[in-house]
Amino acid sequence: MYQVRKVTDDLYWVGANDHRLSLFENIHPLYHGVSYNSYLLLDKKTVLFDTADWSVGRQFIENIKVVLNGRSLDYLVINHVEPDHTAALEEILLRWPKVKIITTPKAVILLHQFGFVLESEQVEEVREGDSRCFGKHTVTFVMAPMVHWPEAMVSFDVTDGVLFSADAFGSFRSLDGKLFADEFDFDRDWIDDARRYYTNIVGKYGPQVQALLKKASALDIRYICPLHGPVWRKDLGYIMDKYMHWSTYEPEERGVMIVYASMYGNTEQAAELLASKLAERGVTNTRLYDVSTTHVSYLISDLFKYSHLVLASVTYNLGIFPPMHNFLADMKALNLQKRTCILVENGSWAPRSGSLMRECLDSMKCMNILEEGLTLSSSFQEPNLPDMDAMADSIAASVNS
Ligand code: FEO
């Protein structure tokens with residue numbers, strides 16, 4: 001059965017929700033599903049903006065058919081080639097073989113790489129600033145390379161101020177009947193999923209997102225229609241401000257994230273004691289995570305939020321405990337920077353995790369490491385208390401500075 005929503009008088013959301021996918025990109029856990037958004041413009045010409053993942057293909061096609069109501073599909077704009085948005089392309093071509101595809105030259109190369117057979121007369125390639133008039137609506141194409149693939153562009157309907165933003169401004173989580181961000185309590189229910197989506201999917205490409213935001217600031221945007229998550233029609237400044245923080249790697253809040261790697265609970269105990277010492281000093285905006293049981297996508301997401309990071313790790317095979325090492329590798333891969341860190345190492349005969357974690361952090365940009373770290377020999381003991389207090393003092397002073 002079809003399920004569509006009207007975005008403007010001429011524009012319909014024809015996407016669908018996937019509640020069954022457990023791992024987005026086969027790596028990021030989903031507990032509340034995800035939406036694949038696609039939009040259909042009815043003008044003198046009919047224009048579909050992006051397709052959808054094949055998992056929702058049947059409903060997606062039903063949605064298009066009900067909105068077209070017997071009309072043909074004239075154009076398909078492909079803003080982004082990643083398969084969660086192009087898997088249904090072949091079905092579109094089979095049902096509407098005369099459809100013209102509007103996309104970037106790089107997208108054409110990638111579409112061929114993914115096995116789509118396209119004749120050159122089926123495709124209209126567009127470049128920065130090109131426009132197409134579909135009747136009442138004129139759409140301008142703005143290149144958005146590496147947000148988050150090289151071929152990506154965004155499309156702007158100048159007539160109604162609608163930005164089809166591709167992966168930018170997207171979010172994990174299914175829409176479940178609603179569509180607009182103002183139909184949710186976004187700041188309560190969605191922001192953590194939106195941050196986890198941005199930071200893990202697009203987070204590496206902050207400078208490219210900055211470039212896109214600069215171009216977007218010159219447009220009179222009234223609606224933002226991303227490829228995942230809700231459509232924005234009110235309070236656009238809220239999500240723009242989040243994107244400014246995330247894409248410049250500036251923390252949203254002053255607070256402390258404590259991530260520990262513990263085999264038998266001793267490093268965990270030290271991490272917890274540090275959290276209580278911080279609370280005694282008035283620093284209560286803290287989060288404590290076991291790196292072994294928290295998926296790294298959640299750690300990355302919170303790290304984009306908080307200003308301070310404590311890493312506490314056992315030494316394992318004379319190295320960093322593997323899940324902690326993985327977290328550090330992901331931080332570097334995603335270009336995380338501008339955080340204040342402090343290190344706690346533990347080792348029963350040759351503690352090395354502290355110096356090795358420092359090497360990892362030193363290889364990232366603009367990471368400030370406080371010197372009042374802590375070395376434990378197997379477990380936290382009474383003689384370690386002065387060092388713990390000095391560490392808590394140092395973090396509290398830095399958080400409150
Ligand atoms: Fe949802 Fe980069 O694709």
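Both ligands and their constituent atoms are indexed starting at 1 by order of listing. The figures here come from the full heavy-atom set of this structure, side chains too, leaving out hydrogens, waters and symmetry mates.
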Just do the ring-ring contact (aromatic ring centres under 6.0 Å, His included) check on His19 and Tyr31 with the steps written out, would you? CA-CA 8 Å; His19 298 98; Tyr31 298 106; over 10 Å; no
Salt bridge (charged side-chain N to carboxylate O under 4.0 Å, His left out): pairs with one or both residues in residues 365-379, sequence neighbours excluded: Arg358-Glu371
How is the N/O/S atom of Asp167 that comes nearest to atom 2 (Fe) of ligand 1 named? OD2
Rounded to 10 degrees, the angle OE1 of Glu82 makes with NE2 of His80 at atom 2 (Fe) of ligand 1: 100°
Tell me, yes or no, whether the heavy-atom count around Gln269 atom CD, taken from other residues, nucleotides or ligands under 6.0 Å, exceeds 12. no
Provide the atom name of the closest N, O or S atom of His228 relative to atom 1 (Fe) of ligand 1. NE2
If you count every heavy atom of other residues, nucleotides or ligands that lies below 6.0 Å from His137 atom NE2, does the total exceed 12? yes
What atom name does the N, O or S atom of Asp84 nearest to atom 1 (Fe) of ligand 1 carry? OD2
